[in-house]
S.K.: 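Here it is, the structure in full.
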Amino acid sequence: MASTALPEIMTIAPAVAAELGPDWTCQSDEERHRGSIWITRPEEGRGRGRGTAHLDTDEGGGRRIRLFIDPYASGSAAGRIHAHGRCPDQPEDVAFYDGDIRFGSITVAGTKTPRQIAAEVRRRLMPQLESGLSRWHERLEEARAKEARGSAVAQQLAAVPGMTAPTRTGSALYGNDCPWHLSWSGRTTHLATPRAEAKVSSTASGTHVRLELSQLTGAQAERVLRALVEACEHSSAD
């Protein structure tokens, strides 16, 4: 089955891309997987298996489709062409979880013509792919908004005289989930150096700052607490 399936998908994929429209392209990906083709729209694809084809389009939205024939399928599933919507590549500026987003999948009979396959893709796969892309872009914008909020608060704190520049340390599942860290050290008095450690974290519910103070005198602690109480009262009044 595998020996006949690989040449077939190489012929079918470019023809399906042509049927989908002039903005769809198909290209080989011999470096990653032998016998692998991309059909793209606008981002360069990356192969995932032998005997596969990836369809992409130059239209906005980053639509990408993977076509392949399962060489291990048997019975009624043997020789069927699989068409799977593909997740866009993660952007460089933020990272977010998208593993739960589905981009659609269908199978069609291997005896269908490229025009028939393209029609099935438009009718059955595209609505699923569009829905998944919509969710993905919503999550992307949420991640960028959350990143911007956290960065803005970190820069606001960094403007306080003596505060260090915001940094990120440690590791998280996604880089922008790591909090921003800032610190401040005051002048040593009575063998004690007052210190402040700030950690800025952004979540879906908002941006929050964890502030840890140490080595303060009683008078300094009182002034800080009074300033905090006053700030809270003003924000409640607003």
Side-chain angles (χ1 to χ4, degrees), residues 31-32 40 42-46 48 56 58 60-64 86-101 103 132-238:
E31 290 185 4
R32 289 180 176 267
T40 59
E43 300 173 1
E44 182 181 3
R46 295 176 180 173
R48 288 211 177 173
D56 294 83
D58 287 329
R63 297 171 184 83
R64 298 193 294 179
R86 296 204 59 228
C87 177
D89 293 332
Q90 284 273 330
E92 295 183 359
D93 56 331
V94 294
F96 58 95
Y97 180 68
D98 56 13
D100 60 336
I101 301 177
F103 297 90
L133 287 172
S134 178
R135 289 189 61 196
W136 190 89
H137 283 289
E138 288 177 1
R139 202 165 291 182
L140 169 62
E141 293 308 313
E142 291 172 358
R144 284 176 170 161
K146 185 178 74 170
E147 174 73 0
R149 290 195 305 267
S151 178
V153 172
Q155 294 299 328
Q156 182 180 357
L157 295 179
V160 175
M163 289 292 282
T164 62
T167 60
R168 274 176 164 161
T169 58
S171 61
L173 181 59
Y174 303 104
N176 50 296
D177 283 340
C178 292
W180 294 97
H181 293 270
L182 305 92
S183 63
W184 172 88
S185 296
R187 186 173 56 188
T188 301
T189 57
H190 304 293
L191 303 180
T193 303
R195 302 180 187 278
E197 299 285 340
K199 183 170 71 172
V200 182
S201 301
S202 287
T203 65
S205 61
T207 301
H208 308 279
V209 179
R210 179 176 180 178
L211 187 61
E212 296 184 3
L213 305 174
S214 61
Q215 302 298 314
L216 273 64
T217 65
Q220 290 171 334
E222 180 186 5
R223 292 180 64 184
V224 170
L225 289 174
R226 287 187 180 278
L228 176 60
V229 170
E230 183 179 354
C232 290
E233 289 177 347
H234 278 300
S235 61
S236 298
D238 295 339

S.K.: Of all heavy-atom pairs between G150 and T207, which one has the smallest distance, and what is that distance?
M.R.: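 Heavy atoms only, the tightest pair is N-OG1, 3.9 Å.
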
S.K.: Looking only at heavy atoms, what is the nearest atom pair of Q215 and A192, with distance?
M.R.: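 Scanning both residues, the minimum pair turns out to be OE1-CB, 3.5 Å.
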
S.K.: Does the side chain of P166 come within less than 4.5 Å of V200's, by heavy atoms?
M.R.: no

S.K.: Tell me, do T217 and R223 make a side-chain contact under 4.5 Å, heavy atoms counted?
M.R.: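 They are not in contact (no side-chain heavy atoms under 4.5 Å apart), so the answer is no.
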
S.K.: Could you go through D93 and E147, starting from their C-alpha distance and side-chain angles, then the distance that decides it, and tell me whether this counts as side-chain contact (heavy atoms from CB on, under 4.5 Å)?
M.R.: CA-CA 9 Å; D93 56 331; E147 174 73 0; over 6 Å; no

S.K.: Looking at W184, is R195 sitting on its ring face, NZ or CZ under 6.0 Å from the six-membered ring centre and within 45 degrees of the normal?
M.R.: no

S.K.: Do you know which two heavy atoms are closest between L211 and A196, and how far apart they sit?
M.R.: CD1-CB, 4.4 Å

S.K.: Given side-chain contact (heavy atoms from CB on, under 4.5 Å), test D98 with Q90 step by step and report yes or no.
M.R.: CA-CA 9 Å; D98 56 13; Q90 284 273 330; 3.0 Å; yes

S.K.: Restricting to non-hydrogen atoms, name the atom on I101 and the atom on G132 that form the minimum distance, rounded to 0.1 Å.
M.R.: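 Here I101 and G132 meet closest at CG2-O, 3.5 Å.
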
S.K.: Please assess R63 against L133 for the test side-chain contact (heavy atoms from CB on, under 4.5 Å), listing each intermediate value before the final yes or no.
M.R.: CA-CA 8 Å; R63 297 171 184 83; L133 287 172; 3.6 Å; yes

S.K.: When rounded to the nearest 0.5 angstrom, what is the spacing between OG in S201 and NZ in K146?
M.R.: 9.5 Å

S.K.: Hey, are E222 and R226 close enough for a salt bridge, meaning a charged N less than 4.0 Å from a carboxylate O?
M.R.: yes

S.K.: With rounding to the nearest 0.5 Å, note down the distance linking CH2 in W180 to OG in S202.
M.R.: 10.0 Å

S.K.: Does any non-hydrogen side-chain atom of R86 lie less than 4.5 Å from one of F103?
M.R.: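 With C-beta onward as the side chain, the pair stays apart.
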
S.K.: CG/L225 to CG/L216 distance, rounded to the nearest 0.5 angstrom?
M.R.: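 So the CG of L225 and the CG of L216 are separated by 9.0 Å.
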
S.K.: Please find the pair of heavy atoms, one from A198 and one from M163, that lie closest to each other, and give the distance.
M.R.: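 Minimum heavy-atom contact is CB-CE, 4.4 Å.
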
S.K.: Test side-chain contact (heavy atoms from CB on, under 4.5 Å) on H234 and V229 and set out the steps.
M.R.: CA-CA 9 Å; H234 278 300; V229 170; over 6 Å; no

S.K.: Would you call E141-R139 a salt bridge at under 4.0 Å N-O?
M.R.: no

S.K.: Working to the nearest 0.5 Å, report the span between CG of L182 and NZ of K199.
M.R.: 12.5 Å

S.K.: Looking at R144 and V94, what are the two nearest heavy atoms and their distance?
M.R.: CG-CG2, 3.8 Å

S.K.: Would you say that S183 contacts H181 through its side chain, given a criterion of any heavy-atom pair below 4.5 Å between the two side chains?
M.R.: no

